[in-house]
Amino acid sequence: MSELRIGAVAGRTGTNTPTIRYYESIGLLPVPARRASGQRAYTPEDIQRLVFVRRCREFGFTIGQVRTFIDMQADPSRSCLEIRDIAEAHLQTIRQKLSELRALERSMATFAAACTDQCNGGPSSTCVPLVALAEAR
């Protein structure tokens, strides 16, 4: 495959062009060579790196974590146990967020049921669930 322009790279990787430029500006992607016309010229390695970055971001890893992964790929002396530790910590964060979302879901279900049960069709200023939201617990 020959060098590609940014639009072709965006199409092949599922990443929009502003995001590609952003990743270049923060150093997640190397700044590509330029053609005589001034257009960026991406290599297969650039595309592979971009796919890696995009997939990491899809998993919810932070930019800092992605940067750490890239650094680790470049340093064969580092242990993959570091990656495992980052992944396990990230998994714990996700599980905590899921727990919080489940609690929010239960609260919202209760609120919605109260709206259904207590709505008398009157003015919203006297809506029982809205009044209850303003009360201190």
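Throughout, residue positions are numbered sequentially from 1 according to the sequence presented.
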Could you grab the distance from atom [atom1] of [X] to atom [atom2] of [Y], nearest 0.5 Å is fine?
X: T19; Y: E24; atom1: OG1; atom2: CD; result: 11.0 Å
X: E82; Y: D71; atom1: CD; atom2: CG; result: 10.5 Å
X: Y23; Y: L50; atom1: OH; atom2: CG; result: 7.5 Å
X: Y22; Y: T15; atom1: OH; atom2: OG1; result: 14.0 Å

Quick check: do R78 and T68 have side-chain heavy atoms less than 4.5 Å from each other?
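A side-chain contact under 4.5 Å exists here.
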Close side-chain approach of T62 to V66, heavy-atom, < 4.5 Å
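When only atoms from C-beta onward are counted, V66 and T62 do not touch, as no gap falls below 4.5 Å.
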Pairs where residues 86-106 contributes a residue and the test ring pair (Phe, Tyr, Trp, His ring centres under 6.0 Å) is met, not counting sequence neighbours
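Output for this query lists F61-H90.
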Any side-chain donor-acceptor pair under 3.5 Å between Q96 and Q92?
no
Please say yes or no: joined through hydrophobic side-chain contacts below 4.5 Å, possibly via intermediate residues, are [X] and [Y] part of one cluster?
X: M72; Y: I26; value: yes
X: V53; Y: V31; value: no
X: I86; Y: I94; value: no
X: L98; Y: L104; value: no
X: L29; Y: F59; value: yes

Look at the side chain of S107 and the backbone N and O of A103, then say whether any donor-acceptor pair between them is shorter than 3.5 Å.
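Side chain of S107 to backbone of A103: a pair is present.
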Which atom of R35 lies closest to which atom of R40, heavy atoms considered
NH1-O, 3.5 Å
I would like to know whether I6 and R21 meet side chain to side chain contact (heavy atoms under 4.5 Å, CB included); could you show each step before the answer?
CA-CA 9 Å; I6 196 167; R21 289 185 191 108; 3.9 Å; yes
Between the side chains of E58 and R54, is the shortest nitrogen-to-carboxylate-oxygen separation below 4.0 Å, so that they form an ion pair?
yes
